[in-house]
Amino acid sequence: MDGDAHAGEGKPLADGFLRFLLPAPKPRPAAPSAPARLVPPHRLIAPPLPTPRLRPEERLLIVPPTRPDWLPLPSPRSPPSAPSPGTAAKPRPFPPRSEPWTRDAGRFVGNGNCATGRSSAAFLANGRRTGFQRPKAAAPQKEKKAWVAVEKKDEDAGDKVRAVVSEGYSSRDEGGVDVEEQLELESEPERGGHRRLLDREDNVKNSLAMAGNQECPDKGGGERPSEHLMSQSNQAPRFQSRMRRWQVECRHDIDNFTPGLLALYESLKPSEEHKSKQKQLVDSLAKSVSKEWPNAQLHLYGSCANSFGTSHSDVDVCLEMEIGTASTAEVLLTLAEILRNDNFENVEAITSARVPIARMSDPGSGFSCDICINNFFAVANTKLLKDYAQIDQRLLQLAFLVKHWAKLRGVNETYRGTLSSYAYVLMCINFLQLREPKILPCLQAMEPTYTLNVDGTKCTYFDEVHQLHDFGAENKESIAQLLWAFFRYWAFHHDYRNDVISVRLGKTISKQEKNWTTRIGNDRHLMCIEDPFETGHDLGRVVDRQTIRILREEFKRAAAVLQYDDDPCVTLFEPYDYEL
Ligand code: GTP
Ligand code: MG
């Protein structure tokens, strides 16, 4: 196509008097004898979509996702194992062993082809499993592997860590191209990477039944009725067709994977030794702080206090103190000095973040610790999450597995445009609030028994959760079914364009209904996750047009792995290949 366009442009010049100045046109290679590809008519007549123009202050950063430091280094790759004769009857592995797995992550920096949304950045996620080796990508693709961290400048800088990289590229599509539409368009007629793999699976005459417009009658539970989704989204056939595509029933043997998933969940829980090391760290921190601020109180927040902490979680501490006329930044700088003097390592004050923090690591345990000042919203949401966790154990199981998956797949890095652990937990809570029958209630919609006043905002909810232990008993879904349904929802059913997920209300609401600020500055939020107490705070604000693709590809991969792979407990958590 490109070649033809240029040839057309050059013709008048070639026919004119300047022709002799030009090198003789090279003979065109003979047309391939293969049958011409049919191109849908709109592709021939549609003008090219405009390339977003970058403002001078915008900056693209190419950063690979970071390998978690607890992830052991990969062992040398072994050659692919030959399929054993008995494998034919087994469910097909996912992705097919003959194809490299690509993460269709959208436009590669410098490639002006973002208009069509075709990915030129191949993401190979061939994790290492003994005896299960996906073929390596061809060498040139290696250069193209890029994570485009899209960081917004100043406003809504969001996550504490994002201050480290403080400016970047606005996710707004300046050419007026609707990003979501672009995603849909590209995923339908020209399915690349993952889409293609899913189609292949669709075409396989396996045991899956396409349920047409009917919702999947999940065992014991189910999705919300499709009318609900449709009425909220008011979507055109595109959305309907996407929904139809994955009206598949859960594989009949899904429950075989529940024991494996539960064993993994158990292994992720922090050990007693881990907890006591955490306690030691908090004690020595308290000692250091009390030298300068004897009346300061320490509150643990985040996953070390909300029960969602894994053995890889950091320690989050909120200092409650009178800071008088000093600014939070000044206090944090003083604190950083004290911590350095007390031999804590890697101490830094990150003062320009939405929530300014001091960060350090403990030389004894190696734990990383974030300290913020008077951040009571975090204290309140920590208690809320902890209370939700006590209602039904499937929340903890689901959230641990999702967090673990997100860390291993490199989609748990807010400063690179993917989601925080906190956001994933909110997604899990909201998902369980929406199951039919419900697994979790909406605590903020019930008679309040707990109130914390934070800067004039009342954080209230029903916290007598011991009364709710049987709440989800009617729903018999296993963790394997729920994990599958979770990824399926985020891969195929969530209406990214219109919906905001709200734990506060226990449902999804439309952006219009919420009067959600869909544009902040020049930005447009592509995935909206409402904070339960700071309702103007969108945990999805960090997601941009590149990382939304990455996230959705990962959700699709996860759903497909759980649906088709013969060893999903392993394949699902194969680390994103950091080495390629
Ligand atoms: P781990 O990955 O296990 O450490 O999970 P975590 O829940 O501790 O996540 P993280 O350390 O990123 O965040 C700590 C806490 O900060 C969260 O649990 C929330 O209580 C609070 N928080 C509030 N808003 C945000 C936000 O926008 N981003 C993040 N990351 N945390 C927020
Ligand atoms: Mg944490």
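Start at 1 and go down the list; that is how both ligands and their atoms are numbered. No experiment lies behind these values; they were computed from the predicted model shown.
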Chemist: Does ligand 1 have an atom under 4.0 Å from some heavy atom of His312?
Modeler: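 So His312 does not count as touching ligand 1.
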
Chemist: Using a 4.0 Å cutoff against the non-hydrogen atoms of Gly302, which atoms of ligand 1 qualify?
Modeler: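 Result: 8 (O), 14 (C), 15 (C), 18 (O).
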
Chemist: Taking side chain to side chain contact (heavy atoms under 4.5 Å, CB included) as the criterion, tell me which of Val355, Asn375, Asn374, Ile373 meets it with Thr328.
Modeler: Ile373

Chemist: I'd like the name of whichever of Tyr422, Phe377, Phe400 reaches closest to atom 17 (C) of ligand 1 through any heavy atom.
Modeler: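 Of the listed residues, Tyr422 has the closest heavy atom.
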
Chemist: Kindly confirm or rule out an N or O of Ser313 lying under 3.5 angstrom from an N or O of ligand 1.
Modeler: yes

Chemist: Would you check whether Arg541 reaches within less than 4.0 Å of ligand 1, judged by its heavy atoms?
Modeler: yes

Chemist: Establish, from distance only, whether the side-chain atoms of Asn346 and Ser361 form a donor-acceptor pair under 3.5 Å.
Modeler: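 Distance-only check passes for Asn346 and Ser361.
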
Chemist: Going by the order shown, which atoms of ligand 1 are within less than 4.0 Å of some heavy atom of Asp316?
Modeler: 8 (O), 11 (O), 14 (C)

Chemist: Assess Lys403 against Phe308: is NZ or CZ under 6.0 Å from the centre of the six-membered ring, and within 45 degrees of the ring's axis?
Modeler: no

Chemist: Under the 3.5 angstrom rule, does the side chain of Thr547 hit a backbone N or O of Ile550 as a donor-acceptor pair?
Modeler: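 No: the side chain of Thr547 does not pair with the backbone of Ile550.
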
Chemist: Ion pair present between Lys383 and Asp387, side-chain N to carboxylate O less than 4.0 angstrom?
Modeler: yes

Chemist: For Asp531, is at least one N or O under 3.5 Å away from an N or O on ligand 1?
Modeler: no

Chemist: Would one find an N or O of Lys403, backbone or side chain, under 3.5 Å from an N or O of ligand 1?
Modeler: yes

Chemist: Please could you name the atoms of ligand 1 that His537 approaches to less than 4.0 Å, counting only its heavy atoms?
Modeler: 24 (N), 26 (C), 27 (O)

Chemist: Any atoms of ligand 1 less than 4.0 Å from a non-hydrogen atom of Lys407? List them with their elements.
Modeler: 2 (O)

Chemist: Backbone, side chain, both or neither: what part of Asp370 comes under 4.0 angstrom of ligand 1, heavy atoms only?
Modeler: neither

Chemist: Is a side-chain donor-acceptor pair under 3.5 Å present for His299 with Glu320?
Modeler: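 Distance-only check passes for Glu320 and His299.
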
Chemist: Do any of the N/O/S atoms of Asp314, backbone or side chain, fall under 2.8 Å from the Mg ion (ligand 2)?
Modeler: yes

Chemist: Would Thr310 count as a contact of ligand 1 if the rule is a heavy atom under 4.0 Å away?
Modeler: no

Chemist: Keeping Asp342 on the side-chain end and Phe344 on the backbone end, is there a donor-acceptor pair under 3.5 Å?
Modeler: no

Chemist: Are any of the N/O atoms in Asn381 less than 3.5 Å from those in ligand 1?
Modeler: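 N/O-N/O distance below 3.5 Å exists for this pair.
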
Chemist: Regarding Lys511 and Asp499, does a basic nitrogen lie under 4.0 Å from an acidic carboxylate oxygen?
Modeler: no

Chemist: So, Thr571 side chain and Pro568 main chain: donor-acceptor pair closer than 3.5 Å or not?
Modeler: no

Chemist: For ligand 1, is there an N or O atom under 3.5 Å from any N or O atom of Glu534?
Modeler: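 Glu534 vs ligand 1: no N/O contact under 3.5 Å.
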
Chemist: With a cut-off of 4.0 Å, which atoms of ligand 1 are near a heavy atom of Tyr301?
Modeler: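 Close to Tyr301: 14 (C), 15 (C), 16 (O).
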
Chemist: For Ser502 and Glu530, test the side chains for any donor-to-acceptor distance below 3.5 angstrom and give the result as yes or no.
Modeler: yes

Chemist: Find all atoms of ligand 1 within a distance of less than 4.0 Å from any non-hydrogen atom belonging to Thr382, and give their numbers and elements.
Modeler: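 The atoms of ligand 1 under 4.0 Å from a heavy atom of Thr382 are 20 (O).
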
Chemist: Heavy-atom distances under 4.0 Å are what count here, so tell me which part of Ser303 touches ligand 1: side chain, backbone, both or neither.
Modeler: both

Chemist: With respect to atom 4 (O) of ligand 1, which of Leu385, Asp314, Leu419 exhibits the smallest heavy-atom separation?
Modeler: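 Considering heavy atoms of Leu385, Asp314, Leu419, the nearest to atom 4 (O) of ligand 1 sits in Asp314.
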
Chemist: Which N/O/S atom belongs to Asp316 and is the closest one to the Mg ion (ligand 2)?
Modeler: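 Going by distance to the Mg ion (ligand 2), the closest N, O or S atom in Asp316 is OD2.
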
Chemist: Indicate the atoms forming the closest heavy-atom contact of Ile479 with Arg394, along with that distance.
Modeler: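 What the structure gives for the nearest pair is CD1-O, 4.2 Å.
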
Chemist: Could you check, using the six-membered ring where one of them is a Trp, whether Tyr496 and His494 have ring centers closer than 6.0 angstrom?
Modeler: yes

